Amino acid sequence: VPVISIRSVPLQLDKQYVTDIQAIRNVEVRSKISGFLDAIYVDEGATVHKGQVMFRIGDNEYKAQVAKARAVLHSMNAEANVAELEAERVRLMVEKKIISATELELAKSKLKAARARVEEAQSTLDHATHLLSYTVIRAPFDGVVDRIPLKTGRLVSEGTLITTVSDVKSVYAYFNISEN
């Protein structure tokens, strides 16, 4: 009977596969508003830190909207104060039975309407301030900046892709391997 002894030999099998390597986090940085790209503060391939300013979109129009909304709010506050004083004056006259109680109800309704206009003006100011904050684009997390296809002075619209930031501390490798 022939006998063969088996011995251990290091064996390396090389097989090449196509892979797709992706960062653990990869975020497209897009404009939330329209305007001209005023400044680019980062370079392609640069490392950025969370909250770091990367881009600035022209903000003159948005500053004007905030100023207008603030002026409307001040005007509405003044109207509400006038309505409140009027309601108090009418209340005193009703207590002295100089005018009817329906005048007081009318004054209270005017006061409620004035307060509602104040809330509306405050909401408009908050919205305008929110839009103004979108003129400064910050890094969403620590990562590396991808290509920046846009240049300073370019008109960007809402949703325009400006760049991509990738967290490359860890990466995933995706392979397509046959079942065999």
Side-chain angles (χ1 to χ4, degrees), residues 6-78 80 115-180:
I6 300 175
R7 59 188 170 111
S8 174
V9 177
L11 180 64
Q12 180 176 349
L13 295 175
D14 289 333
K15 189 80 170 165
Q16 293 183 1
Y17 295 99
V18 175
T19 184
D20 181 21
I21 298 175
Q22 293 191 10
I24 199 163
R25 281 192 294 180
N26 195 31
V27 173
E28 294 179 339
V29 177
R30 295 184 178 271
S31 172
K32 290 186 176 182
I33 57 172
S34 298
F36 289 98
L37 190 58
D38 275 357
I40 300 173
Y41 297 108
V42 294
D43 291 324
E44 294 177 351
T47 301
V48 292
H49 302 287
K50 182 177 182 174
Q52 178 181 340
V53 176
M54 297 171 57
F55 305 96
R56 190 181 77 240
I57 296 174
D59 60 358
N60 292 337
E61 177 184 342
Y62 299 101
K63 284 181 180 177
Q65 287 178 2
V66 168
K68 180 180 177 183
R70 188 172 285 123
V72 169
L73 177 62
H74 290 314
S75 175
M76 292 300 122
N77 277 328
R115 286 182 178 157
R117 286 191 299 273
V118 167
E119 288 178 13
E120 179 184 12
Q122 181 64 51
S123 174
T124 303
L125 176 60
D126 292 345
H127 180 68
T129 304
H130 195 64
L131 289 178
L132 178 62
S133 73
Y134 289 155
T135 61
V136 176
I137 300 171
R138 300 179 182 277
F141 51 80
D142 293 351
V144 177
V145 177
D146 195 7
R147 286 192 61 245
I148 304 172
L150 307 177
K151 302 301 174 215
T152 303
R154 171 87 185 265
L155 178 64
V156 295
S157 58
E158 184 177 342
T160 300
L161 176 64
I162 298 175
T163 191
T164 304
V165 176
S166 302
D167 182 359
V168 292
K169 291 178 187 165
S170 297
V171 294
Y172 292 117
Y174 296 97
F175 295 95
N176 289 326
I177 301 174
S178 69
E179 193 163 326
N180 289 343

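Values reported hereafter were calculated over all heavy atoms of this structure, with side chains retained and with hydrogens, waters and symmetry mates removed. Note that the structure is a prediction, hence the values are computed from the model and not measured.
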State the CD-OG1 distance between E28 and T164, to the nearest 0.5 angstrom.
-> 5.5 Å
Side chain to side chain contact (heavy atoms under 4.5 Å, CB included) with D59: which of T135, L131, V136?
-> T135
State whether the side chain of T163 and the backbone N or O of R147 hold a donor-acceptor pair below 3.5 Å, judged by distance alone.
-> yes
So, do V118 and L73 sit near enough that their side-chain heavy atoms are less than 4.5 Å apart?
-> yes
Separation between CD1 (I162) and CD1 (I137), nearest 0.5 Å, reads 3.5 Å
Does a donor on one side chain sit under 3.5 Å from an acceptor on the other, for Q16 and D14?
-> no
Would you confirm whether D167, through its side chain, and K169, through its main-chain N or O, come within 3.5 Å as a donor-acceptor pair?
-> yes
Looking only at non-hydrogen atoms, find the nearest pair between A139 and V48 and report the distance.
-> CB-CG2, 3.8 Å
Does the S123 side chain pair with the main chain of E119, one donor and one acceptor, at a distance under 3.5 Å?
-> no
Mark yes or no for whether D142, through its side chain, and K50, through its backbone, hold a donor-acceptor pair below 3.5 Å.
-> yes
Grab the two heavy atoms, one from V165 and one from G143, that are nearest each other, plus how far apart they are.
-> CG1-CA, 4.1 Å
Enter the distance from L132:CG to H127:NE2 here, rounded to the nearest 0.5 Å.
-> 11.5 Å
Distance col, row I57:CD1 vs L155:CG, nearest 0.5 angstrom, shows 9.5 Å
Heavy atoms of other groups near D20 CG, more than 12 under 6.0 Å | yes
Side-chain (T129) to main-chain (L125) donor-acceptor, under 3.5 angstrom = yes
Where do V171 and A23 come nearest, in terms of heavy atoms and distance?
-> CG1-CA, 4.2 Å
Taking all atoms of both residues into account, what is the closest heavy-atom pair of V156 and S31, and its distance?
-> CG2-OG, 3.9 Å
Side-chain touch T124/V72, heavy atoms, less than 4.5 angstrom | no
CZ/R154: more than 12 non-hydrogen atoms of other groups inside 6.0 Å | no
Taking all non-hydrogen atoms of both residues, which atom of R138 and which atom of V53 are closest, and how far apart?
-> NH1-CG2, 3.1 Å
At what distance, to the nearest 0.5 angstrom, does CG of L150 lie from CZ of F36?
-> 13.0 Å
Which pairs pass ring-ring contact (aromatic ring centres under 6.0 Å, His included) with one or both residues in residues 131-180, sequence neighbours excluded?
-> H130-Y134
How far does OG1 of T160 sit from CG of L37, to the nearest 0.5 angstrom?
-> 10.0 Å
Taking C-beta and beyond as the side chain, do D43 and V145 meet within less than 4.5 Å on heavy atoms?
-> no
Determine the minimum heavy-atom distance between K32 and E158, stating which atoms define it.
-> O-CG, 3.4 Å
